[in-house]
J.: 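Got a structure here, written out as structure tokens. Questions coming.
The chains referred to below are lettered A, B, ... by the order of the sequence lines, with proteins before strands, and numbering in each begins at 1. Worth knowing before you read on, the calculation uses all heavy atoms, side chains too, and leaves out hydrogens, waters and symmetry mates.
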Amino acid sequence: MPIDKIVPTLEAAVAGIGDGMTIMISGFGFAGVPNDLIEAVLKLGAKDLTVISNNAGTGTEGLAALMGSGRVRRIICSYPRSKGSDKFDARYAAGEIELELVPQGTLSERMRAAAAGIGAFYCPTGVGTELAAGKEVRTIEGRDYVLEMPLRADVALVQAQKADRWGNLTYSKSARNFGPVMAMAADLTIVQAKEIVPLDAMDPETIMTQSIFVDRVVHVDNDREWDI
Amino acid sequence: MPIDKIVPTLEAAVAGIGDGMTIMISGFGFAGVPNDLIEAVLKLGAKDLTVISNNAGTGTEGLAALMGSGRVRRIICSYPRSKGSDKFDARYAAGEIELELVPQGTLSERMRAAAAGIGAFYCPTGVGTELAAGKEVRTIEGRDYVLEMPLRADVALVQAQKADRWGNLTYSKSARNFGPVMAMAADLTIVQAKEIVPLDAMDPETIMTQSIFVDRVVHVDNDREWDI
Amino acid sequence: MSTAMTADSFTRLTRRQLAWCAAQAIPDGSYVNLGIGVPTLCANVMPADREIVLHSENGVLGFGPAPAAGAEDCDLINASKEYITMRPGGAFFMHTDAFVMIRGGHIDLALLGAFEVSGTGDLANWTTGDRRFPPGVGGAMDLAVGAKAIWVLTEHTTKKGEPKIVDTCKYPLTAAGVVRKIFTDLAEIDVSPDGLVVRAMVEGLTQEALQAMTQPPIRLADDCRVMAAPAG
Amino acid sequence: MSTAMTADSFTRLTRRQLAWCAAQAIPDGSYVNLGIGVPTLCANVMPADREIVLHSENGVLGFGPAPAAGAEDCDLINASKEYITMRPGGAFFMHTDAFVMIRGGHIDLALLGAFEVSGTGDLANWTTGDRRFPPGVGGAMDLAVGAKAIWVLTEHTTKKGEPKIVDTCKYPLTAAGVVRKIFTDLAEIDVSPDGLVVRAMVEGLTQEALQAMTQPPIRLADDCRVMAAPAG
């Protein structure tokens, strides 16, 4: 039977996302954020979520709407506060969202460790700072490192440029950012792609996320202007 | 001044490779082996080398010639013996080459750790086997891992398909194999490329080794039949 | 069942037939790594009505059978260094990423060769311990700990006729307790918590004869089938 | 040199001029990361006669200046989430690989903003410790430990006129002892093992006046230059 990971609707794409889950959300700033999938998760009503994303959203829609919804218990990110991150800022100030701040490179490396079956790794970033407080420190060849643990998720929501029915993906410019590593680090990887292409349309040399990492693909190509 | 990493000759490409150095050599089986660069290293006469490569060469030329030359003190690899690996086999049987056998995934992950500034990592591969003998074992969330150290090199010899003057690279099919990770893990990365293309010829979306990892590029496009 | 067995009362499968039997057992839609040796032959005998995505640790996903003579591409090989072809949907990537797939638990099934397999699924397939010859581990240990399931494809006995399915591996282990199923040129055997269960045997082979070539106790599944494959 | 200094005896550089001064000091052929804030402005004022490859932690190498109005691409931004353009030779890659470049020591130079810098090169640029506002670290700590050299680009004093170059950082550190050079809107200062050495100052500024705005002792280089940049 042909492998077909393409689902017809956003609703079908996010089916099964439930209370208490950990969700990775791709994007850096406004580039590469799967806004339609986030909105579908909001409609689904799942709550008590842990979100792993580099930022915490700006404006009133997409990631910001999720942050403001009261459904996110905790966010793991590197840079939550930006101009316009009012939704998150308010919840944070009110003590309604727990924040785990992780250096950006450590954040992506922890995801990769989860994806690659690495049990833990020694990382030079943050040694001696507040962000490494309480972490095991080890000196290796004269340099200090902190022990960092893998970061996995139940679900990854990823925005891509092109996808085929196996789930092979390409991205657009700096919208690639966290997409590939999140796709690898989650149990269930859900993709919104601007274009669906035939299985033989992608050059095997230039696929950036291989089909093995992708579970569901939904086609989203609207001209909607998001307030993000 | 324009950045120009292209050197005119194989001799110029390998200049400076000296006695006692550790050299990574790309390739898996006969695919992606930088035979011309290896030959240039042989002509250069550097000795007491440590070679890091997945295999130990077959036939009489390329990697096999290097193994048979008496200039290699030690090889770090996953699969030295194949049909036709007589040059290595003889040196090994005579006790003239030291072998560090590393599982293939651990080999490439150790290179990546060196490239990525990771101090060490806990790896599930090989736990309880002879290849993990003497290594630190740690139980993380109920699973055992062995501590693996980064693997770097003084020099990487890499075979690529296309290169530009900045050193951006693409590869051909399964000849990519260890090329990208070795290019990242060595202090001096030397590339033999089948095609040299203008700086604006490569699609920025599909460059597989970014110029930051490459030091020298030499154009090698001969029809030579190697005995490998 | 106490009739004397003669050497020619059954016929061993060829390597290609053994590969065929294993290939037909792979679930539709799986991502499957083919290890060095007999496993790589599976790519040539995959069931036509299923879409199974083949993985090779040298950075290839979605490959197909061997090319026609004359159509070989030196840059396109599998883990056994044999020429392959690509199917639509396939992809190339670097070695490190191939092992992210393996070690990270993304591969549904790995088919591996073996020197020995124990009745509890221990696998020995990287060295005989003979110090005159260099050992080679390749990706075997990574696959053994990383793939969601491990099947072994091997001749049932050594060239000397000794069992390769043993009580305790005498060769150094690749990994302990990882093998779930064994395909040999004589039988298909599940490694279950209750011991070895024969799911299929070649025509004319008896349990007694198979047991004589197998160290740990075996029992036949209630629905034990005849193991057969197209000639070739 | 004891003449009274008046507030208008010198003119602070604009942010763009500060970026320009730093950009002119970057060695030809360098791979340079531009951090959030003033550093990202450098891309617009790079010296035309040098080939310098700019890196952004969101997966971009070899970018150029901001696009012309109307030519912005939502998928093409820098670490400050500002629109950029690409130069020939540029490349895109995933975040993890951007930090392989950073943490692995492949970046020659990182230009970073700062809340505070100490006389020994300690850097504080990720949190003021005010618990009402969420802190943001971004890639600052990775760059601080990974880049081969760190330069800081910052206003010389806070909005309240207090020194940002201090004896001891009162804000939580990003990393200790990593800053090699400081470009401010008043001066270019080397962080040397012997203390802070002023390499250049804006026209009309005196050592005394600069010292009054700088906590650790400063001394002028023998060849201390006038720090100037094109208007704008």
J.: Which of these, B:T206, B:D203, B:T170, sits in a side chain to side chain contact (heavy atoms under 4.5 Å, CB included) with A:T206?
T.: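 That would be B:T206.
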
J.: Within a strict 4.5 Å, meaning less than it, do heavy atoms of the A:L37 and A:V218 side chains meet?
T.: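 Result yes, sub-4.5 Å side-chain heavy-atom pair found.
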
J.: Any donor-acceptor pair under 3.5 Å linking the side-chain atoms of A:Y122 with those of A:E148?
T.: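 Their side chains do not contain a donor-acceptor pair, so the 3.5 Å distance test is not met.
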
J.: Side chain, backbone, both or neither: which part of A:E141 has an atom under 4.5 Å from a heavy atom of chain B?
T.: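 Neither part, no heavy atoms under 4.5 Å.
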
J.: What part of A:I118 gets closer than 4.5 Å to chain B, counting heavy atoms only: side chain, backbone, both or neither?
T.: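 Both backbone and side chain.
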
J.: I need the A:E39 CD to A:W226 CH2 distance, nearest 0.5 Å.
T.: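 Between A:E39 CD and A:W226 CH2, I get 4.0 Å after rounding to 0.5 Å.
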
J.: Under 4.5 Å, counting heavy-atom pairs only, tell me which of B:E205, B:R138, B:K173 racks up the most with chain A.
T.: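 Of the options given, most contacts go to B:E205.
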
J.: With a 4.5 angstrom heavy-atom cut-off, could you sort out which part of A:L147 is near chain B: side chain, backbone, both or neither?
T.: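 The answer is the side chain of A:L147.
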
